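Every chain is numbered from 1, with letters handed out A, B, ... down the list of sequences. Remember, predicted model here, so these are calculated numbers, not experimental data.
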There are 2 protein chains.
Amino acid sequence: MAILDAITVAANQQLLEVGPADLSVRAVARELGMASSAIYRYVSSRDELLTLLIIGAFDDMADVVEAKTRRVADLRRRWKAIGLACREWALDEPQRFALLYGSPVAGYAAPQDTIAPATRIPNLLIGILQEAKVETTVPAFSARVARSLKPALSDVNTWASLSTRDFSDSAFALGLMAWAHVIGSISFELFGHRHNVVGDSMADRRAYFEFELDVLADLMGID
Amino acid sequence: MAILDAITVAANQQLLEVGPADLSVRAVARELGMASSAIYRYVSSRDELLTLLIIGAFDDMADVVEAKTRRVADLRRRWKAIGLACREWALDEPQRFALLYGSPVAGYAAPQDTIAPATRIPNLLIGILQEAKVETTVPAFSARVARSLKPALSDVNTWASLSTRDFSDSAFALGLMAWAHVIGSISFELFGHRHNVVGDSMADRRAYFEFELDVLADLMGID
DNA sequence: ACTATATGCGAGCACCGCTCTTGATATGTT
DNA sequence: AACATATCAAGAGCGGTGCTCGCATATAGT
């Protein structure tokens, strides 16, 4: 459907200038030179359009990160490359990042179609744990914590090669922490919570972020 | 100004049901039985109202967390209590948490009045580092990273007792990480990114969060 | 040629933030 | 007491939003 593509392209273009909450169906229609009511032939609601944009953004981000990091052999370097690539994509397209990891649009419930593309980058991290055969354990990791992660550890469809993994449960728990931290740190930077905390220059921001990636690598026992 | 109070109370009440993006000045006016135009006698714009709500939310959250944790003597326990109290407040009032740490409302720039209340909880963490006299250093911490944190380390107004601190720069850097992680993890949970990853039950969610707090405590060298 | 389906348009509804004019009610001053 | 002034609220209205519905047209299938 070429017209649907045109709609999502125009909508994504609008996301370059305005946040997800202010994305306007009427503005997209104007951009395409058609009546706003015509849009609803292809998209049932503004929320459905947002869902399409979310899936597209997850895939775009994963494509970029994957392309940039697949060929990095050294595991620690690859981990850092993934984190840095995530941050770069977010800085390039802050509104789309906010669409993925910011506050969900009011009353919006993520449909099933979004969870698969959302796990692509975390899967890269799992791949690293896989190759590293991480066995490090951490004092705080208990049977109770392991049990709280069981849903993930048993879902083979979304989490790649989790059935034949050879890293420990505690490594998985730490990997989860690392991933949450990467997204959380990028959100902090993007949403203005680094003001008066870390230097405003790009170099300072990047230096601190890279420091975090190193600490996380140590934490996970990579390298 | 009693009426202004009534406005913010009504607005906060509306935030119990609807997200910050959908907060409506007209609805607040309806709630108060007055014309929407009358609101603008007390608040110059919707954004200014949001700013008032942000400041109030920062202060409310800090009040609750501080009250719950001030009397905890053991430093590690106090740290965990702070994290857990933050999460509880966020679960109680998810929309207000999103107002503080979710995607900023479009085109909104945080005014000066918000930064002081925003630093109150991080200051509690600094207090812990202070008492613990943490000297642990981490391999990844370099002079470059220290330099990127200089703005914070020199701002005495917002960061309590930072002039006479007796913990290392690297401890500060790790404390910053821990704080970002707490907020990031809560955001992940609140915004739906823990689906199919951690168990859906409250007990599972809390178990994993507490695990994270323990790991962070170890990382910071508390206890 | 006739029907059926697909696609687009425009008017319209109810809501939004915000402004401006008008009017009522206090308050203070001579 | 009478007037002037400041304060507050209301209502109409502007341009914007998501979305629906009826109508027109174009294309396709038989």
Side-chain angles (χ1 to χ4, degrees), chain A residues 1-56 95-96 98-99 102-111, chain B residues 1-56 95-96 98-99 102-111:
Chain A
M1 194 68 67
I3 299 187
L4 213 174
D5 284 352
I7 290 175
T8 61
V9 167
N12 272 321
Q13 192 173 350
Q14 199 168 128
L15 275 186
L16 289 176
E17 299 167 357
V18 92
D22 285 3
L23 185 132
S24 154
V25 175
R26 291 182 114 112
V28 170
R30 267 194 302 273
E31 177 83 20
L32 268 54
M34 62 200 307
S36 67
S37 53
I39 301 283
Y40 291 87
R41 294 276 174 201
Y42 302 91
V43 147
S44 72
S45 71
R46 183 175 169 279
D47 271 9
E48 186 178 302
L49 175 55
L50 282 177
T51 300
L52 292 178
L53 298 183
I54 288 174
I55 296 174
Q95 311 288 14
R96 293 178 86 194
L99 182 66
S103 352
V105 175
Y108 174 86
Chain B
M1 194 68 68
I3 299 187
L4 212 173
D5 284 352
I7 290 175
T8 61
V9 166
N12 272 321
Q13 193 172 350
Q14 200 169 125
L15 275 187
L16 289 176
E17 298 167 358
V18 92
D22 286 2
L23 184 132
S24 154
V25 175
R26 291 183 115 113
V28 170
R30 266 194 303 272
E31 178 83 20
L32 267 54
M34 63 200 305
S36 67
S37 54
I39 301 282
Y40 290 88
R41 294 265 167 203
Y42 303 91
V43 147
S44 72
S45 71
R46 183 175 170 278
D47 272 9
E48 187 178 304
L49 175 56
L50 281 177
T51 300
L52 292 178
L53 298 183
I54 288 175
I55 295 174
Q95 311 287 14
R96 292 178 87 193
L99 182 65
S103 352
V105 176
Y108 174 86

Review point. How close do A:Asn12 and A:Arg96 get, heavy atom to heavy atom, and via which atoms?
Key: OD1-NE, 3.4 Å

**Study point:** B:Ala11 versus B:Leu23, closest heavy-atom pair with distance
**Key:** O-CD1, 3.7 Å

Practice item. Hey, could you give me the CD/CG distance between B:Glu48 and B:Leu53, rounded to the nearest 0.5 Å? Key: 11.0 Å

Revision key, fill the gap. dist A:Leu99:CG -> A:Leu50:CG (nearest 0.5 Å) comes out at 6.0 Å

Practice item. Only counting residues at least two apart or in another chain, list the ones meeting side-chain contact (heavy atoms from CB on, under 4.5 Å) with B:Leu52. Key: B:Leu4, B:Thr8, B:Val43

Exercise for review: Output the residues of residues 7-16 of chain A in contact with DNA chain C, where contact means a heavy atom of the residue under 4.0 Å from an atom of the strand; sort by number or write none.
Suggested key: none

Practice item. Summarise protein proximity over nucleotides 8-18 of chain D in one line of letters, 5' to 3': B for base, S for sugar-phosphate only, - for none, counting protein heavy atoms closer than 4.0 Å. Key: BBBB-B---BB

Point to revise | Opening and closing nucleotides of DNA chain C in contact with chain A, under 4.0 Å to non-hydrogen atoms | key: C:dT7 to C:dG12

For residues 25-42 of chain A, which side-chain N or O atoms pair as donor and acceptor with protein atoms under 3.5 Å away, sequence neighbours left out?
none

